[in-house]
Amino acid sequence: MQRRSFLKQAGLGAVAGSAAVAAPVFAQDAPSLNWRMASSFPRSLDALFGTGDIFCKFVTEATGGKFNIRHFPGGEIVPALQVMDAVSNNTIECGHTVSYYYYGKDPAFCFDAAVPFGLNARQMNAWMFNGDGMKLTRDMFKPHKIVNFPMGNTGVQMGGWYRKEIKTVEDLKGLKMRTAGFAGEVLSRLGVVPQQLAGGDVYPSLEKGTLDAVEFVGPYDDEKLGFNKVAKYYYYPGWWEGGPQVSLYLNEGAWNSLPKNYQAIVEAASRVAHVAMTSRYDAENPGALRRLIAAGAELRPFPRAVMDASYQAAQTVYKEFSDKDPKFKALYDNYMGFRDSVVPWFRLAEGSYDQYLGVAMSAHK
């Protein structure tokens, strides 16, 4: 009896001792790191900024508190539209931003985010993770000492808020509009005067009349920003942002200094946060749109003539940039080739399903 009791206690002690030895092994070998991540988004936009919070929390918990990344809203430690420079210069180790904000540095950066008449969110995921997107965008960022990961996608966006109705292409001429990236380049060919502003600066400019129109994301964020209070016409679709991807930028030196297990955790955390953003917008946008309409917003589709003129203007711009920049052309050809290969499938399957379901739901109300 005493022998069995001794063996039992010894066995439990061995297990406990093994756990006591094994559990701290990771902690002992893993360095304690404290990084900073600057966002391009204000804290008030919880779907955008909150995605960065999800990422940071995952990293902390997965490393047992050894690797902590402090998350700062746009403008707090780095101006909202200067996140790329700060990461590239290693002023901060990482940033959460949208690559088309840096269109002025290189128009090709937009392929890491969204371009007019480009991929939707699921198609963008397919290009990045199963096509050539990740390799091509990594090569694009390498001269800037940045390692990029997809970390969020808003899904297709709205076409924005306008003080006056847009009935013809002529109505766009002279329109001062907040927009970003390639959208501004294409819209300028139609007479729009594009203005690039960070999210927190948009409402005051629209309210003061500095802007005539603004596009940001979609109903959930637009409701928070109150655009419907100063511009009542709400247009769709946002043809320049079929599936805008938000990105995690890491300084190349900081990334290379991480142990392999930390790198794996960062990659996993970015993927979790990536999915979380899209699902959040998909869940929140329908209710927000209903509330905006109830509050007086007037929903309008862009006229077909405006859509056609925009599509043609986009093709002209793409050709101009491709003709003068072989690197841009290589990215463009690959991206659009992927788009052309997947859109027929989406039309056949997703499109027909959504169209039928919409009709059937309406008929049975």
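In what follows, residues are counted from 1 in the order of the sequence shown.
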Are the side chains of [Y] and [X] in contact, using a 4.5 Å heavy-atom criterion?
X	Y	value
Asn148	Asp112	yes
Met151	His96	yes
Leu250	Leu248	yes
Phe141	Glu252	no
Arg70	Met37	no
Leu136	Tyr335	no
Leu48	Met277	yes
Ser99	Ser247	yes

Do the charged groups of [X] and [Y] touch, with an N to O distance under 4.0 Å?
X	Y	answer
Lys329	Asp325	no
Glu165	Lys232	no
Arg122	Glu350	yes
Asp46	Arg280	yes
Lys57	Asp53	no
Lys327	Asp106	no

(request) Could you give me the CA-CA distance, side-chain angles and deciding distance for Phe41 and Val98, then say whether side-chain contact (heavy atoms from CB on, under 4.5 Å) is met? (result) CA-CA 10 Å; Phe41 316 112; Val98 187; 3.7 Å; yes
Mind checking whether [X] and [Y] have ring centres under 6.0 Å apart?
X	Y	result
Tyr162	Tyr235	yes
Phe67	Tyr262	yes
Trp255	Phe149	yes
Tyr102	His144	no
Tyr233	Trp161	no
His71	Phe49	yes

(request) Decide yes or no on salt bridge (Lys or Arg N to Asp or Glu O under 4.0 Å) for Arg189 and Glu320, but give the supporting numbers first. (result) CA-CA 13 Å; Arg189 306 301 175 96; Glu320 289 176 5; 2.8 Å; yes
Atom [atom1] of [X] and atom [atom2] of [Y]: how far apart are they, to the nearest 0.5 Å?
X	Y	atom1	atom2	value
Gln195	Leu206	CD	CG	12.0 Å
Ser322	Met336	OG	CE	9.5 Å
Arg271	Asn125	CZ	CG	8.5 Å
Phe346	Arg339	CZ	CZ	13.5 Å
Asn251	Lys145	CG	NZ	8.0 Å
Met140	Ile146	CE	CD1	9.5 Å

(request) Start with the C-alpha distance between Phe111 and Asn334, add both sets of side-chain angles, then the distance that settles side-chain contact (heavy atoms from CB on, under 4.5 Å), and finish with yes or no. (result) CA-CA 10 Å; Phe111 290 110; Asn334 188 280; over 6 Å; no
(message) Take a 6.0 Å sphere around OH of Tyr311 and say whether it holds more than 12 heavy atoms from other residues, nucleotides or ligands.
(response)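 For Tyr311, atom OH is not crowded (no more than 12 foreign heavy atoms under 6.0 Å).
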(message) For Arg290, is the CZ atom crowded, meaning more than 12 foreign heavy atoms sit under 6.0 Å from it?
(response)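 No, CZ of Arg290 has 12 or fewer neighbouring heavy atoms, counting only those of other groups under 6.0 Å.
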(message) If I compare all heavy atoms of Gln82 with all of Val78, which pair ends up nearest, and what's the gap?
(response)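 Scanning both residues, the minimum pair turns out to be O-CG1, 3.5 Å.
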(message) To check you understand the geometry: which heavy-atom pair defines the closest contact between Met307 and Pro237, and what is its length?
(response)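 Smallest interatomic distance, heavy atoms only, reads CE-CG, 3.9 Å.
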Over 60° means perpendicular and under 30° means parallel, so classify the ring planes of [Y] and [X], tilted if in between.
X	Y	value
Trp239	Phe117	parallel
Phe227	Phe216	perpendicular
Phe182	Phe328	tilted
Tyr318	Tyr332	tilted

(message) Does either side chain, that of Asn228 or that of Glu223, offer a donor lying less than 3.5 Å from an acceptor on the other one?
(response)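 There is no such pair between these side chains.
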(message) Between Leu211 and Arg163, is the side-chain contact (heavy atoms from CB on, under 4.5 Å) condition met? List the steps.
(response) CA-CA 9 Å; Leu211 294 173; Arg163 292 180 178 276; over 6 Å; no
(message) I'd like to know if Met177 and Tyr236 are part of one continuous hydrophobic network [Ile/Leu/Val/Met/Phe/Trp/Tyr, side-chain heavy atoms within less than 4.5 Å].
(response)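 Shared cluster, yes.
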(request) Is it possible for you to say whether Leu175 and Val230 belong to one hydrophobic cluster, with membership spreading through side-chain heavy-atom contacts below 4.5 Å? (result)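 They do share one cluster, since a chain of ILVMFWY contacts under 4.5 Å joins Leu175 to Val230.
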(request) Could you give me the CA-CA distance, side-chain angles and deciding distance for Lys66 and Ser32, then say whether side chain to side chain donor-acceptor pair (under 3.5 Å) is met? (result) CA-CA 5 Å; Lys66 299 291 285 185; Ser32 293; 3.0 Å; yes
(request) Report the C-alpha separation of Gln157 and Thr154 in whole Å, then their side-chain angles, then the decisive distance to 0.1 Å, and conclude whether the side chain to side chain donor-acceptor pair (under 3.5 Å) test is met. (result) CA-CA 7 Å; Gln157 295 191 3; Thr154 69; 3.0 Å; yes
(message) I'd like to know whether Ile69 forms a side-chain contact (heavy atoms from CB on, under 4.5 Å) with Cys94, so could you lay out the CA-CA distance, the side-chain angles of the two residues, the decisive distance to 0.1 Å, and finally the verdict.
(response) CA-CA 9 Å; Ile69 303 176; Cys94 54; 4.0 Å; yes
(request) Could you please spell out the steps behind the side chain to side chain donor-acceptor pair (under 3.5 Å) verdict for Asn153 and Tyr281? (result) CA-CA 9 Å; Asn153 195 308; Tyr281 276 114; over 6 Å; no
(message) What verdict does the salt bridge (Lys or Arg N to Asp or Glu O under 4.0 Å) test give for Asp85 and Lys105, after you've listed the backbone C-alpha separation in whole Å, the side-chain angles of each residue and the deciding distance to 0.1 Å?
(response) CA-CA 10 Å; Asp85 287 339; Lys105 294 179 180 293; 2.9 Å; yes
(request) Evaluate the side chain to side chain donor-acceptor pair (under 3.5 Å) criterion for residues Thr210 and Ser205: first the C-alpha distance (whole Å), next the side-chain angles of each, then the deciding distance (0.1 Å), finally the verdict. (result) CA-CA 5 Å; Thr210 308; Ser205 297; 5.0 Å; no
